Amino acid sequence: MPELPEVEIARRFVRDRLIGKRVTSIDVLDSRMLARSSERSMRAAFLERTVDDAIRHGKNLLVKIGDDHLYLHLGMSGSLHMVDEDGHTSHERLRLGLDEGALVLDDPRRFGRFGLYHDIEDMLADKGLGPDALTVSDKEFVSRMAGRKSSIKPLLLDQGIIAGVGNLYADEVLFQEQLHPATKANAIARTDMARLGKRIRKVLETSISVRTDFSRLPEGYLLRDRREGAPCPRCATELVVIRVGGRTTVLCPSCQSQRAER
DNA sequence: GAGTATGTTATATG
DNA sequence: GCATATAACATACT
């Protein structure tokens, strides 16, 4: 589930359901998913403390518990659930028992991560994250992209430049801006780059507003039917699939013209 | 069995 | 350091 909008929905879930609850138990069910932390240190920091806040930066979630933060990354297939005391999910990897119910991180593919950070700054520095994609200014976005020679799509996916855009939303924003994903960043005019920055925020906000249900996205969104051969929402040409930066990329060969500089 | 998947990181090469 | 490519991680699904 997880790009920025999905993680924002998860953040709101934690905020609405967990704040004020007390942590009564911690069970690490897959130690391979521990990120630079130990179950023991997590217990010492979180047990008998109260959940205060839920913060998101890019695709990363921090749950403030007492004076420390529980770090959660959903990877490719992670999801959060509230269950009863005796309830379970099929791929439970971390369980946070609360005075009422429990929070479970379920993740079949185990690409998710969890652990302990003292504060946000520690996490940002450790992960080397750029500014959050939802709140970065156009000016900052343009300046962080300036002078880059790579193709635009891999740059959008680079969490160190801006944090939160993943493969699907990268395709969406490039489609809406009619930019070919392999366009070199230094071939994009400043004004077009600023427009792309705006588009990123708009698309992410829109997805959050429909709770990331792609079928409820406005007409004209690629994500409503993102697959090879589907009709382009703008011109009905059949969409094609290529690989850019090693990632599957869906685009309209007619709307997203290949630019000379590539 | 082959191929692919919303992510990240390590490694290698130029 | 930058740019690019590839593999690896682990599992589910077509």
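On a predicted model such as this, the values are computed, not experimentally measured, just so you know. In what follows, chains carry the letters A, B, and so on, assigned in the order in which the sequence lines appear, proteins first and then strands, with residues in each chain numbered from 1.
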S.K.: Whole angstroms only, please: what is the CG-C1' distance between A/Leu61 and B/dG7?
M.R.: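 Rounding to the nearest Å, CG of A/Leu61 and C1' of B/dG7 are 16 Å apart.
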S.K.: What I want to find out is whether A/Lys59 reaches A/Glu3 closely enough, with some N-O distance under 4.0 Å, to be called a salt bridge.
M.R.: no
S.K.: Taking any strand in view, what nucleotide pairs with C/dC13 in a Watson-Crick or G-U wobble way, both distances under 3.5 Å?
M.R.: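 C/dC13 is paired, partner B/dG3.
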S.K.: Give the rounded distance in Å between these two atoms: CG of A/Leu156 and P of B/dT8.
M.R.: 14 Å
S.K.: Of the options B/dT6, C/dT11, C/dT4, whose atoms approach the side-chain atoms of A/Arg247 most closely?
M.R.: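 Nearest listed nucleotide: B/dT6.
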S.K.: Without decimals, in angstroms, what is the distance between A/Lys184 NZ and C/dC2 C1'?
M.R.: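 Rounding to the nearest Å, NZ of A/Lys184 and C1' of C/dC2 are 12 Å apart.
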S.K.: In whole angstrom, give me the gap between the P atoms of B/dT9 and C/dA12.
M.R.: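 About 23 Å, rounded to a whole number of Å.
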S.K.: Run the salt-bridge test on A/Asp52 and A/Lys64 with the 4.0 Å N-O cut-off and return the result as yes or no.
M.R.: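 Salt bridge flag = yes for A/Lys64 with A/Asp52.
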S.K.: Over all strands shown, is A/Gly166 touching base, sugar-phosphate only, or nothing at heavy-atom distances under 4.0 angstrom?
M.R.: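 It contacts sugar-phosphate atoms only.
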S.K.: With a 4.0 Å heavy-atom cut-off, tell me which residues in residues 106-125 of chain A come close to DNA chain C, sorted by residue number.
M.R.: A/Pro108, A/Arg109, A/Arg110, A/Phe111
S.K.: Can you tell me how far C1' of C/dA10 sits from CG of A/Asp30, to the nearest Å?
M.R.: 10 Å
S.K.: How long is the span from the CE atom in A/Met193 to the CZ atom in A/Arg144, to the nearest 0.5 Å?
M.R.: 13.0 Å
S.K.: Counting the atoms with a prime plus P, OP1 and OP2 as sugar-phosphate, which does A/Arg227 contact under 4.0 Å by heavy atoms, base, sugar-phosphate, or nothing?
M.R.: nothing
S.K.: Are side-chain N/O atoms of A/Ser41 and A/Ser38 paired as donor and acceptor at under 3.5 Å?
M.R.: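 Distance-only check passes for A/Ser41 and A/Ser38.
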S.K.: What integer number of Å spans the P atoms of B/dG3 and C/dT6?
M.R.: 15 Å
S.K.: Would you mind reading off the distance between A/Met76 atom CE and C/dA12 atom P, rounded to a whole angstrom?
M.R.: 14 Å
S.K.: For A/Glu100, does the CD atom have more than 12 heavy-atom neighbours from other residues, nucleotides or ligands under 6.0 Å away?
M.R.: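 It does not: A/Glu100 CD has 12 such atoms or fewer within range.
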S.K.: In residues 140-149 of chain A, what residues come within less than 4.0 Å of DNA chain B, judged by heavy atoms?
M.R.: none
S.K.: Near A/Arg12 CZ, under 6.0 Å, is it more than 12 heavy atoms from other residues, nucleotides or ligands?
M.R.: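 Yes.
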S.K.: Are OP1 or OP2 of B/dG7 and a side-chain N or O of A/Gln159 less than 4.0 angstrom apart?
M.R.: no
S.K.: Salt bridge check: are A/Asp192 and A/Arg190 linked by an N-O gap of less than 4.0 Å?
M.R.: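 No, no charged N to carboxylate O under 4.0 Å.
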S.K.: After noting the C-alpha distance and the side-chain angles of A/Arg224 and A/Glu219, does the key distance pass the salt bridge (charged side-chain N to carboxylate O under 4.0 Å, His left out) rule?
M.R.: CA-CA 8 Å; A/Arg224 287 165 55 104; A/Glu219 300 278 336; 3.6 Å; yes
S.K.: Please determine, for the side chain of A/Ser150, which listed nucleotide (C/dA10, B/dT6, C/dA3) has the closest atom?
M.R.: C/dA3
S.K.: Would you check, one step at a time, whether the test salt bridge (charged side-chain N to carboxylate O under 4.0 Å, His left out) holds for A/Arg93 with A/Asp106?
M.R.: CA-CA 6 Å; A/Arg93 309 302 182 197; A/Asp106 184 275; over 6 Å; no
S.K.: Do A/Arg216's NZ or CZ and the ring of A/Tyr221 fall within the cation-pi criteria of under 6.0 Å and 45°?
M.R.: no
S.K.: Please determine if a side-chain N or O atom of A/Lys127 lies less than 4.0 Å away from the OP1 or OP2 oxygen of B/dT8.
M.R.: no
S.K.: Taking atom C1' of C/dA3 as reference, at what distance in whole Å does atom CG of A/Leu157 sit?
M.R.: 15 Å
S.K.: In whole Å, I'd like the distance from the CG atom of A/Leu34 to the P atom of C/dC9.
M.R.: 19 Å
S.K.: Please report the distance, rounded to the nearest Å, between NE2 in A/His91 and C1' in C/dC13.
M.R.: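 Rounded to whole Å, this separation is 12 Å.
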S.K.: Rounded to whole angstrom, note down the P distance from C/dA7 over to B/dA2.
M.R.: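 The same atom, P, in both gives a distance of 15 Å.
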